[in-house]
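Take a look at the structure set out below.
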Amino acid sequence: MVAPASQADEKDQLAAQVSCLEISADPMAVDEEQKPAHRSHDPQFNQKRSDPFQFGSRYLQEEDDVFEFNAWDHVETDDTYKEYAEQQFAMQRASPVSDFDKYRFNSDPAKWWNLFYKNNTANFFKDRKWLQQEFPILDKITEENAGPFTLLEIGAGAGNTAFPILSKNKNPLLRLHACDFSKKAVEVMRSHESYNTDIMQADVWDVAGEELPPGLQEGSVDVALMVFIFSALSPLQWKKAVDNVYRVLKPGGEVCFRDYGRGDLAQVRFRKGRYLEENFYIRGDGTRVYFFEKDELADIWTGKLDDATTEGSEATSQSRFSVEELGVDRRLLVNRAKKLKMYRCWLQGRFKKI
């Protein structure tokens, strides 16, 4: 029986391909070193990255199975997600928060954060042990011979950053001031078994208020840590918050910053009746959240945004901070059981007082 011409051609092509294959000495062996690092399940190929702003190195390639791992780094959103996100944003704008609720949530935001910490225990958030990797200075200051150092955490919550730092601390001259807008959150910190007033002070403080944190003077802080706190402020409060951070930092002091980026899944998921203004929302628990653009964030801390919105007066925050580093941390998280893709977006930066 003679095979049709098309089948014969396919057989000839297959034979040519097979003849070009190199046969391994041990076809059953799996050489992990030959695998790209992001494809390896061997722990030795998952070492800590040296550059904290590299944001991981598990890159999703065209030939990869997206559901092989729980997360992939540096993944841009696909066209389907972008289209869905824009549809969601249009829906959100068309159904904003009522004027009554806008006043209710904006007039007393502390009330909603107090309720949040009243309803959620200190274990609501996991300890942020990853921060020392993202901001190596937090490791450096806890070394035995690091010398005098004052760290101010703004938006400290229940202490999920402060206490992991203290647990590693060997520096007898470290002083940690942990401040939060919520009175209830401060009560949680002060009642923690590791709370030690010899090294840590927890206080209620509004970063956008008129006063500096209790126990701190102008130019007394080496590093200010702001993790998912700036997004809780109204855009009208940004300038005052930046001014206060500038006042409390020493010359050359730094801000370690991480917060939500525009297009994050948390933003896209908001439904009707949660939209306050562009990129600014009310959560179901009454707390507020803003999603930043990278350039917007740079303009806020360098004073350019203030220049653009201030007419007839000098912008007091102009050139107060330089942007040392500012990156977009994009991550694709997957639910392998349900075959779901979830795009996350965060912004991380270091701003230096000039």
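Start at 1 with the first residue, then count along the sequence.
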| request: Verify, without hydrogens or angle tests, whether Asp264 (side chain) and Cys345 (backbone) share a donor-acceptor contact under 3.5 angstrom. | output: yes
| Less than 4.0 Å between a side-chain N and a carboxylate O, is that true for Lys184 and Glu187? | yes
| Hey, are Ser182 and Asn114 close enough side-chain-wise for a donor-acceptor pair under 3.5 Å? | yes
| task | Show your reasoning for whether ring-ring contact (aromatic ring centres under 6.0 Å, His included) applies to Tyr290 and Tyr260. | result | CA-CA 7 Å; Tyr290 190 95; Tyr260 298 103; over 10 Å; no
| Steps toward side chain to side chain contact (heavy atoms under 4.5 Å, CB included) verdict (Ile137, Asp222) | CA-CA 11 Å; Ile137 193 171; Asp222 294 284; over 6 Å; no
| Verdict with reasoning, Phe270 to Tyr275, per ring-ring contact (aromatic ring centres under 6.0 Å, His included) | CA-CA 8 Å; Phe270 276 111; Tyr275 177 93; 9.9 Å; no
| task | Say whether, by atom type as modelled, one donor and one acceptor occur between the side chain of Tyr281 and the main chain of Gln92 under 3.5 angstrom. | result | no
| said: Is the positively charged end of Lys353 above the ring of Tyr246, judged by distance under 6.0 angstrom from the centroid and angle within 45° of the axis? | reply: yes
| query | Would you call the rings of Phe257 and Trp301 parallel, tilted or perpendicular, where under 30° means parallel and over 60° means perpendicular? | reply | perpendicular
| said: Quick check against the 3.5 Å criterion: does Glu86 have a side-chain atom that pairs as donor or acceptor with the backbone of Lys82? | reply: no
| field | Residues Asp203, Arg190: salt bridge by 4.0 Å N-O rule | value | yes
| said: If we ignore hydrogens and angles and just use 3.5 Å, is the side chain of Asp78 paired with the main-chain N or O of Tyr81 as donor and acceptor? | reply: yes
| Counting distance only, does the side-chain N/O of Asn171 pair as donor-acceptor with the main-chain N or O of Ile141 below 3.5 Å? | yes
| query | Are the side chain of Asn244 and the backbone of Gly209 linked by a donor-acceptor contact shorter than 3.5 Å? | reply | yes
Enumerate, atom names and distances included, each donor-acceptor pair closer than 3.5 Å involving a side-chain atom of residues 143-150, sequence neighbours excluded.
none

| query | Where do Trp113 and Phe181 land on the ring-ring contact (aromatic ring centres under 6.0 Å, His included) test, with the steps shown first? | reply | CA-CA 8 Å; Trp113 282 109; Phe181 193 40; 8.3 Å; no
| message | Between Trp205 (side chain only) and Glu211 (backbone N and O only), is there a donor and an acceptor less than 3.5 Å apart? | response | yes
| query | Knowing that exactly one of Asn279, Thr287, Asp259 qualifies, which makes a side chain to side chain donor-acceptor pair (under 3.5 Å) with Ser231? | reply | Asp259
| Is the shortest side-chain N to carboxylate O distance from Arg320 to Asp243 below 4.0 Å? | yes
| said: Pair Ile300, Phe230 - check side chain to side chain contact (heavy atoms under 4.5 Å, CB included), show working. | reply: CA-CA 11 Å; Ile300 291 170; Phe230 209 65; 3.9 Å; yes
